[in-house]
Amino acid sequence: MVKICCIGAGYVGGPTMAVIALKCPAIEVVVVDISEPRIAGWNSERLPIYEPGLDDVVRQCRGRNLFFSTEVHRHVGDADIVFVSVNTPTKTCGLGAGKAADLTYWESAARMIADVSRSDKIVVEKSTVPVKTAEAIEKILVHNSRGVRYQILSNPEFLAEGTAVQDLFAPDRVLIGGRETPEGRAAVDKLRDVYAQWVPPDRIITTNLWSAELSKLAANAFLAQRISSVNAISALCEATGADVTEVAHSVGRDARIGPRFLSASVGFGGSCFQKDILNLVYICECYGLPEVAAYWREVIRINDHQKSRFVNRVVSSMFNTVAGKKIAVLGFAFKKDTGDTRETPAIDVCNGLLGDKAVISIYDPQVTGEQVSRDLAMNKFDWDHPRHLQPLSATDLAKQVAVAPDAYEAARDAHAVCILTEWDEFRTLDYKRMFDAMHKPAFIFDGRNVVDPAKLQEIGFVVYAIGKPLDDWLKDMPAVA
Ligand code: UDX
Ligand code: UDX
Ligand code: ADP
């Protein structure tokens, strides 16, 4: 029986291993983590992450061939294949701060593998890492090997949160990179055999190590670039009277461009896009390619611009002041169907509104009040965010921020509603009921294009929707750039 151990029971490690266990009953899969509460969560009825369909997969395999444990050393020592799926945040201090990946967790995982291994192992990079990390890891392992042989593979994960199980069941592709030696090729084949249990052979791509590592960064950079492109066009639509949904539809009908991932929004978030692009930018700078670095950096700049543009629109529409006004924020997660708030645009938008002294009431179906407070109090690394996006003190936060149990409570006595996540339930709210309980004029700022502006205008709202022709009210109150 092949034994797999995955270090890191997070958004990537947890779902990926659960699906491998489900599809490969003959393989024993153990997910280990240094965090006791995380592992306890995976062993409980309430999993530590919200992901549609995941409960079902875990219920079928847990205790059969899927295990969650904090006994890191024992399980890593026993495994034939070790996946490493630990966090790789952006460095916040020292060399490359604000851009380079922080590989502290990765390095300590590698040293631990070297310490506890008594048999040959295939070590698989699962978390996104800078190109050439495999080489560094290989050096750590080989220099501490005590006779154990290692093969390093790069097998980047392409799942998106909210659709993780679906993405793992039917991936567009599985990418496996390895050394171009007989031992390297044998290791690639061994991992290919695992995926081949359910993924069609033509969807399993094998490459050299560096191509696999770079493909992951490039894919995320291309995806994020599409969003920044459509968001840049959304600003021009508002200025000219074009409708971004119509433009995106027409553009996406060109088969060379394609229709997906062209929804204008208040900005992209999530743990990958910004981090991976920053990483790419840093790598380009290190290799003496400043023009290429500048090109990709612009994708992040437009994303930051989109968030400030949204805040400016809110403030300028409401007579240039939101001080003391209650604003309902619907949605805090970085996208629908997840409770994850890493890099969510809601953090920057809320901090912008709080900086203008608004009082905000937040409702999100999956994000807890504690998470919201943690995020808004966090001193986010300020690599080039404007000053007004700086977080407030804990005392001001307590005065200015509340979390509501539902959308109606959030909107009661509010002057405005801001929609920041595209949760399906926001499409079918009783907006008349909300309107009746709000101050007038009542505003809606839709950062995700989930509501029908015409219907809401009929109710009496002043409506702003990203990239849509402007309401007459807004034309009279031009947003400051
Ligand atoms: C992303 C990649 O899609 C995935 O392949 C990779 O492995 C990890 O990073 P994820 O961050 O989970 O996945 O979500 P994704 O669906 O890509 O959305 C990222 C952000 O872009 C979200 O904030 C989302 O709301 C936003 N987005 C997405 C848009 O604003 N418009 C779109 O058209 C699509
Ligand atoms: C383009 C558009 O494709 C067409 O829809 C529009 O109506 C007019 O402009 P055209 O300029 O004739 O058409 O050719 P196209 O095939 O788009 O190529 C443009 C340039 O891009 C060429 O120099 C081509 O060699 C180059 N190219 C294209 C690349 O370098 N790489 C590619 O992957 C594709
Ligand atoms: P991702 O979104 O990439 O899955 P997460 O932050 O959700 O990232 O998960 C990474 C997990 O890795 C965390 O639960 C963290 O506790 C765990 N981790 C980090 N370093 C180690 C280590 N050396 N050994 C075991 N687990 C680790």
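All residue numbers in this chain count up from 1 along the given sequence. Ligands are counted one by one from 1 in listed order, and the atoms in each one are counted from 1 as well.
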Protein contact of atom 11 (C) of ligand 3 - nearest heavy atom, named by residue and atom, plus distance:
D33 OD2, 3.5 Å

According to the interplanar angle, ranging from 0 to 90°, do the rings of Y195 and W198 count as parallel (below 30°), tilted (30 to 60°) or perpendicular (above 60°)?
tilted

Nearest heavy atom to atom 7 (O) of ligand 1, choosing from K275, K216, E161, belongs to K216

Less than 3.5 Å apart, any donor N or O on the side chain of S234 or R309 sitting next to an acceptor on the other?
yes

Regarding ligand 3, does S127 bring an N or O atom to under 3.5 Å of one of the ligand's N or O atoms?
no

Test item: side-chain donor near acceptor, T88 and K275, under 3.5 Å:
yes

Indicate, as side chain, backbone, both or neither, the part of E36 found under 4.0 angstrom from ligand 3 when only non-hydrogen atoms are considered.
neither

Any idea which protein heavy atom is nearest atom 27 (N) of ligand 1, and the distance to it?
I227 CD1, 3.4 Å

If you measure every N/O of F334 against every N/O of ligand 1, is any gap under 3.5 Å?
yes

Taking atom types as modelled and ignoring hydrogens, do the side chains of S35 and D33 form a donor-acceptor contact shorter than 3.5 angstrom?
no

Quick test of your reading of the model: are E107 and R111 salt-bridged, counting only N-O distances below 4.0 Å?
yes

With heavy-atom distances below 4.0 Å as the criterion, list the atoms of ligand 3 near G10.
4 (O), 5 (P), 7 (O), 9 (O)

Closest protein heavy atom to atom 18 (N) of ligand 3, given as residue, atom name and distance to 0.1 Å:
V86 CG1, 3.8 Å

Yes or no: does R38 have any heavy atom under 4.0 Å from an atom of ligand 3?
yes

How does I34 reach ligand 3, by side chain, by backbone, by both or by neither, if only non-hydrogen atoms under 4.0 Å count?
both

Verify salt bridge (Lys or Arg N to Asp or Glu O under 4.0 Å) between D304 and R301, making sure each step is shown before the conclusion.
CA-CA 5 Å; D304 280 333; R301 284 197 202 285; over 6 Å; no

In this structure, does ligand 3 have an atom that sits under 4.0 Å from one of the heavy atoms of E157?
no

Distance, nearest 0.5 Å, that separates CG of L209 from CG of L153:
7.0 Å

Under 4.0 Å between heavy atoms, the region of R260 that gets near ligand 1 turns out to be neither

I need the nearest protein heavy-atom contact for atom 15 (P) of ligand 1: residue, atom name and distance, please.
K335 NZ, 3.6 Å

Which of the listed options, F273, F158, Y11, F268, holds the heavy atom that is closest to atom 19 (C) of ligand 1?
F273

Check: W42 and I49 side chains under 4.5 Å, non-hydrogen atoms
yes

Heavy-atom contacts under 4.0 Å between N220 and ligand 1: side chain, backbone, both, or neither?
side chain

Return the orientation label for the F273 and F268 ring planes: parallel under 30°, perpendicular over 60°, tilted otherwise.
perpendicular

Is any side-chain heavy atom of C350 closer than 4.5 Å to a side-chain heavy atom of V401?
no

Donor + acceptor pair across side chains of E157, Y11 (<3.5 Å)
no

In the protein, which heavy atom is nearest to atom 24 (N) of ligand 3, and how far is it?
I7 CG2, 3.4 Å

Note: ligand 1 atoms sitting under 4.0 Å from heavy atoms of E157 are 7 (O)

Looking only at protein heavy atoms, what sits closest to atom 30 (O) of ligand 1 is S265 OG, 2.6 Å

R226 and ligand 1 - part of the residue with a heavy-atom distance under 4.0 Å
neither

Looking only at protein heavy atoms, what sits closest to atom 19 (C) of ligand 3 is N87 OD1, 3.3 Å

Starting from atom 25 (O) of ligand 1, which protein heavy atom do you reach first, and at what distance in Å?
R448 NH1, 2.6 Å

CZ of R427: more than 12 outside heavy atoms within 6.0 angstrom?
yes

Ranked by distance from atom 12 (O) of ligand 3, the top protein heavy atom is G8 CA, 3.3 Å

Just wondering, are more than 12 heavy atoms of other shown residues or ligands nearer than 6.0 Å to OH in Y105?
no

Can you pull out the closest protein heavy atom to atom 32 (C) of ligand 1? Residue, atom name and distance to 0.1 Å, please.
S263 O, 3.6 Å

Checking heavy atoms under 4.0 Å, the part of S108 that sits near ligand 3 is side chain

Give me the residue, atom name and distance of the protein heavy atom closest to atom 8 (O) of ligand 3.
R342 NH1, 3.8 Å

Neighbour count >12 (heavy atoms, 6.0 Å) for atom CZ, R253:
no

Compare all side-chain heavy atoms of V12 with those of S127 and state whether any distance is below 4.5 angstrom.
no

Nearest non-hydrogen protein atom, atom 8 (C) of ligand 1:
C272 SG, 3.3 Å

Protein heavy-atom partner closest to atom 4 (O) of ligand 3 - residue, atom, separation in Å
V12 N, 2.9 Å

Nearest non-hydrogen protein atom to atom 20 (C) of ligand 1, with distance, is G269 O, 3.5 Å

R62 to F68, cation-pi by 6.0 Å centre distance and 45° axis angle:
no

Geometry only, no angles: is L159 polar-contacting ligand 1 at N/O separations under 3.5 Å?
yes

